[in-house]
Amino acid sequence: MITLTPRAEQYLQVLAALDRGALLMLEAADLLGRSVRQVRRLRRAYRRRGPQALVHGNRGRRSPRRIDDATRKQIVRLAQTTY
């Protein structure tokens with residue numbers, strides 16, 4: 001199951017209309033606020049992977065810049081006691 005943001009849902013509706021032939025590429029680009037080139041790229045990804053293509057690839061992963069838990073606990077302890 002995929003949870004889409006409101007923006008991704010809008011992309012999905014516009015891309016589906018584009019595939020049905022209800023919209024032209026330029027109209028879809030205007031509706032999404034993207035260039036024709038970007039809409040072409042999104043459409044290709046949507047055709048290959050479906051709605052999953054509209055979800056960011058890093059969703060659900062931890063940030064590589066995240067502070068490890070031991071350091072985080074030490075910072076909280078120092079903030080509550082020493083400082």
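Listed here is the closest heavy atom pair of R62 and D69: NH2-OD1, 4.3 Å. Across every non-hydrogen atom of A8 and L54, the tightest pair is O-CD1, 3.6 Å. When every heavy atom of A45 is checked against every heavy atom of A53, the shortest pair comes out as O-CB, 3.3 Å. Looking at every heavy atom in both residues, V55 comes nearest to T3 through CG2-O, 4.5 Å. Listed here is the closest heavy atom pair of M25 and L18: N-CD1, 3.7 Å.
Counting heavy atoms of neighbouring residues, nucleotides and ligands inside a 6.0 Å radius, atom CZ of R59 exceeds 12 of them. Within 6.0 Å of CD1 in I67 there are 12 or fewer heavy atoms belonging to other residues, nucleotides or ligands. Taking a 6.0 Å sphere around CZ of R7, one finds it holds 12 or fewer heavy atoms contributed by other residues, nucleotides or ligands. Residue-environment remark: CZ (R34) stays at or below the threshold of 12 foreign heavy atoms within 6.0 Å.
Atoms CG and CZ, from L15 and R20 in turn, are 11.0 Å apart once rounded to the nearest 0.5 Å. With rounding to the nearest 0.5 Å, the separation of CZ in R66 from OG1 in T71 is 11.5 Å. One finds the CG atom of L42 at 12.5 Å from the CZ atom of R47 (value rounded to the nearest 0.5 Å). The structure places CD of Q10 at 10.5 Å from CG of L12, a figure rounded to the nearest 0.5 Å.
Side-chain contact, Q38 with R41: a donor N or O sits under 3.5 Å from an acceptor N or O.
In this structure the side chain of D19 reaches within 4.5 angstrom of the side chain of Y46, judged on heavy atoms.
Cluster annotation: V14 is not connected to L24 through the hydrophobic network of ILVMFWY side chains, with a link wherever side-chain heavy atoms come within less than 4.5 Å.
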